[in-house]
Amino acid sequence: MSLLRSGFRRPGALGFPQQSAVNSFTTFFSIRYYSIRETPIKSCACYSIGIDRQSGKLTEHPHSTVSRLTRSWQYRREKRFASFMTSKVPLKLSEVVLDEQERQIRDLLVEVCADIDSRDPDRKEDLILRFTGGWVRDKLLGKHSHDLDVGINRMTGYEFATKLQSFVARHPQKYGHAMQGIHKIEMNPEKSKHLETTTTKLLGIDVDLVNLRTETYTDSSRIPEMKFGTAEEDALRRDATINALFYNLQSQQVEDLTGKGLEDLKYGIIRTPLSAFNTFQDDPLRVLRLIRFASRFQFHIEDEAISAMQHDNIREALQQKISKERIGAELDKMLNGPNPSLSLKLIGTANLYETIFTPLNYGVKTVDVGSSKEFDNLRLIMQRLLESHQPIVTQSLIQDRYILRLVYLYVALRPWYGIQVSHKFETTFLIVRDSLKLPSSLGTMISNIMKSAAEACCLVRSPGWSRKDAGLFVRQAGQYWRVVLLCSLASDIEKQLSNQGQESATLQEIINTGTERYSNLTKFIVDNDLTNAWQLKPILDGKEVMKVMELQKGPQIAEFLQKVIEWQFEFPDKNKDDCLEYLHKLKLEERRDHMYIENTH
């Protein structure tokens, strides 16, 4: 979603009422913003944000239902602009223009087809090749793509690849180095690889070769029965109409065999070629794929597909028929994509939070957390913070896809923080590692962000900060301490808004107060040269500590090394000799305390 303009308003100011015409909605704070293409393409609306009385959720509320706003000249101007933007002007699709490499590949493949046909006079049909799927879609959207999948109408990919290799070998002067190797990927249903695929490299570009097919699923398995199919059958089996467009290499024309793909691409609509319920029941992973494409292109998922996603049978099938690895892989693509906030919003809309973000095999009822309003509230607040250009939100932060991945994974898992299901691991770590099958290192990082963000919330409210306190925070938070502060700020705001209940308040005051505190802490860290405090090493090593303190190996050494780090934060200008003197004093104090205790007893 893009924000053309945003601003915070006091309830009642400039026509913004404290309570809207919709009785169940109380606006205790307002943000005026234009929402572009989170609804169908080219749509725009003006919104307030407030608490829904029945659900307690932070909700976006269109101003068109608020009668008092119409008396505002500024609102009327904004409404005229919104009306202009909601005209649903279709996208002007680009022509499919092949670059030089693609043109050479196309010419080679067509020449091979003609050669194969000439050697088979009894053939029932000519050999026809098509570029399929994402390449066609991206070309029509004017995006660069070298993701070449070739659909073959009457032979397998491996058969065609061997004939292609033979043809190239017979024409060494023209195509001597055009083709590099053949790699056959066998079916592997356990890894959700349902179709034999052959890959090769043509003119330096990876090309996948596969026959056109149709597939049939059973109720008890995600593994389909595959067989040769027509181009139309192949198009209809795909997950979305915009992914079912073909480019015929012989005719050099785009083929829309579902009859909906080009229109849906023009108007930004995500829909399934066949019945959405049956499509998802056959392969429930398509639910997440459609959400990913909708967020990637900021397209609108049609109502039938949303309703099917919300069906209990589909959510159950997603849990039982699809491996956690594949669910985690799709989610990771969303979080690394251009609009992770919209991805999470659509996951919430499809009622899939409990299905995706729940620890496995610990006997925890998902309703305990999954029904929490915190998830979507926090997502909305984080989105607004990232778009607000507050001082704490740096350009390097919002432009780093990896950092945004951490931020929105924090948003998704924050409702689980503090709920312990294992004595050994944090719950958020278990969800990342087991439920999503993402790297354990990512789970460890998210758990640390959770813990550090909670401590940052306490730190910013402290009456005064010492260099030691700030340094220890950065040291624990690690390299992404700025991310930790942003996450802590978002959670702080969400908590304050939730505690407001139905009392009037302004988001501007809450955000300004919170941002000021967190910005001041950030400035304190920078001014005291603590930005790299997470890298600070003790000025003394373990052996030196053992010698000075007269200790044997054991946990006490780590305790004294921590004291050394704290001392270094307090006295950044002092040296190793000063630190040794500090430890000598600690040793003397310990001896005096020990003697006092003995004399007392």
Side-chain angles (χ1 to χ4, degrees), residues 1-2 36-38 40-42 89-107 109 129-152 197 199-210 212 231 234-273 285-286 288-302 305 329-330 332-340 342-343 346 401:
M1 185 182 74
S2 302
I36 305 294
R37 292 177 61 172
E38 200 168 285
I41 194 167
K42 289 290 186 184
V89 178
L91 278 178
K92 183 178 180 181
L93 300 181
S94 301
E95 292 183 12
V96 174
V97 179
L98 279 61
D99 62 29
E100 184 58 25
Q101 280 181 300
E102 292 166 341
R103 186 190 62 75
Q104 292 179 20
I105 291 172
R106 179 261 167 195
D107 291 346
L109 294 177
L129 304 184
R130 295 170 172 88
F131 288 153
T132 65
W135 182 89
V136 186
R137 177 200 65 219
D138 291 347
K139 284 287 185 179
L140 289 168
L141 291 174
K143 300 177 183 293
H144 175 76
S145 177
H146 270 171
D147 181 19
L148 290 180
D149 295 327
V150 178
I152 309 165
T197 307
T199 65
T200 187
K201 186 163 282 191
L202 298 178
L203 299 173
I205 297 177
D206 290 322
V207 178
D208 289 349
L209 302 165
V210 68
L212 299 177
D234 192 275
L236 291 173
R237 70 167 186 82
R238 294 178 180 262
D239 52 10
T241 55
I242 64 169
N243 295 332
L245 297 167
F246 297 156
Y247 178 79
N248 188 307
L249 269 62
Q250 273 84 354
S251 68
Q252 300 187 70
Q253 297 293 321
V254 173
E255 298 175 337
D256 182 6
L257 300 177
T258 69
K260 303 173 184 175
L262 289 173
E263 283 295 301
D264 288 348
L265 200 59
K266 286 180 183 178
Y267 287 95
I269 297 173
I270 300 289
R271 82 170 86 233
T272 56
L285 190 66
R286 289 169 175 167
L288 300 184
R289 285 177 54 82
L290 262 60
I291 288 174
R292 175 161 62 85
F293 288 122
S295 63
R296 176 182 171 185
F297 299 113
Q298 298 188 54
F299 282 4
H300 170 73
I301 302 178
E302 66 152 356
E330 284 296 326
D332 207 32
K333 290 176 184 176
M334 296 179 203
L335 296 177
N336 281 300
N339 201 332
L342 181 54
S343 296
L346 292 172
R401 287 282 178 86

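In this text, all values refer to a predicted model and were calculated from it rather than measured experimentally.
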**Prompt:** Are Leu91 and Leu141 close enough, and set up right, to give a side chain to side chain contact (heavy atoms under 4.5 Å, CB included), and what steps lead you there?
**Reply:** CA-CA 8 Å; Leu91 278 178; Leu141 291 174; 4.0 Å; yes

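- When all heavy atoms of Arg106 and Leu98 are compared, the closest pair comes out as CB-CD2, 3.8 Å.
- With rounding to the nearest 0.5 Å, the separation of CZ in Arg137 from CG in Leu245 is 9.5 Å.
- With Gln104 as the partner, the side-chain contact (heavy atoms from CB on, under 4.5 Å) test is satisfied by one option alone out of Glu100, Gln101, Glu102: Glu100.
- Between Phe297 and Phe293, the ring planes are parallel. Angles under 30° get that label, and only those over 60° would be called perpendicular.
- You'll find the side chain of Thr197 stays beyond 4.5 Å of the side chain of Leu209, heavy atoms only.
- For the pair Val210 and Ile152, the minimum side-chain heavy-atom distance is 4.5 Å or more.
- Glu255 contributes atom CD, which lies 4.5 Å from atom CG of Asn248 (distance to the nearest 0.5 angstrom).
- Within a 6.0 Å radius of CD in Glu95, no more than 12 heavy atoms belonging to other residues, nucleotides or ligands are found.
- In this structure, Asp256 and Phe246 have side chains that are not in contact, with every pair of non-hydrogen atoms separated by 4.5 Å or more.
- Side-chain atoms of Thr241 and Asn243 form no donor-acceptor pair, as typed in the model, at a separation below 3.5 Å.
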**Asked** Passes salt bridge (Lys or Arg N to Asp or Glu O under 4.0 Å), Arg271 versus Glu263? Steps please.
**Response** CA-CA 11 Å; Arg271 82 170 86 233; Glu263 283 295 301; over 6 Å; no

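- Using a distance-only test at 3.5 Å, with no hydrogens or angles considered, no donor-acceptor pair links the side chain of Lys333 to the main chain of Arg292.
- Taking all atoms of both residues into account, the shortest heavy-atom contact from Pro338 to Arg296 is CG-O, 3.5 Å.
- Between Lys266 and Leu93, the closest side-chain pair of non-hydrogen atoms falls below 4.5 Å.
- Residues Leu140 and Leu262 are in side-chain contact: their nearest non-hydrogen atoms beyond the backbone lie under 4.5 Å apart.
- Closest approach of Leu212 to Asp234, counting heavy atoms only: CA-OD2, 3.5 Å.
- The shortest non-hydrogen separation linking Ala231 to Arg130 is CB-CZ, 3.7 Å.
- When the side chain to side chain contact (heavy atoms under 4.5 Å, CB included) test is applied to Gln253, the partners found at least two apart in sequence or on another chain are Ser251.
- In this structure, CG on Asn339 lies 12.0 Å from CE on Met334, to the nearest 0.5 angstrom.
- Looking at Val150 and Val207, their side chains come closer than 4.5 Å, going by heavy atoms from C-beta outward.
- Looking at residues two or more places apart in sequence or on another chain, you find no salt bridge (charged side-chain N to carboxylate O under 4.0 Å, His left out) involving Asp147.
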**Message:** The test is side chain to side chain contact (heavy atoms under 4.5 Å, CB included); show your working for Asp206 and Leu148 and say whether it passes.
**Reply:** CA-CA 7 Å; Asp206 290 322; Leu148 290 180; over 6 Å; no

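- For the pair Ile205/Ile105, a side-chain contact is recorded, criterion being any heavy-atom separation below 4.5 Å from C-beta on.
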**Stepwise side chain to side chain contact (heavy atoms under 4.5 Å, CB included) test for Tyr247 and Gln252** = CA-CA 6 Å; Tyr247 178 79; Gln252 300 187 70; 3.3 Å; yes

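- Minimum heavy-atom separation, Ser343 to Ser295: OG-OG, 2.7 Å.
- Leu249 approaches Phe131 most closely through the heavy-atom pair CD1-N, 3.4 Å.
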**Request:** Before giving the answer on side chain to side chain contact (heavy atoms under 4.5 Å, CB included), spell out for Val136 and Thr132 the whole-Å C-alpha distance, their side-chain angles and the decisive distance to 0.1 Å.
**Result:** CA-CA 6 Å; Val136 186; Thr132 65; 5.8 Å; no

**Message:** The test is salt bridge (Lys or Arg N to Asp or Glu O under 4.0 Å); show your working for Asp99 and Arg103 and say whether it passes.
**Reply:** CA-CA 6 Å; Asp99 62 29; Arg103 186 190 62 75; over 6 Å; no

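- Residues Arg286 and Arg238 are not in side-chain contact: their nearest non-hydrogen atoms beyond the backbone lie 4.5 Å or more apart.
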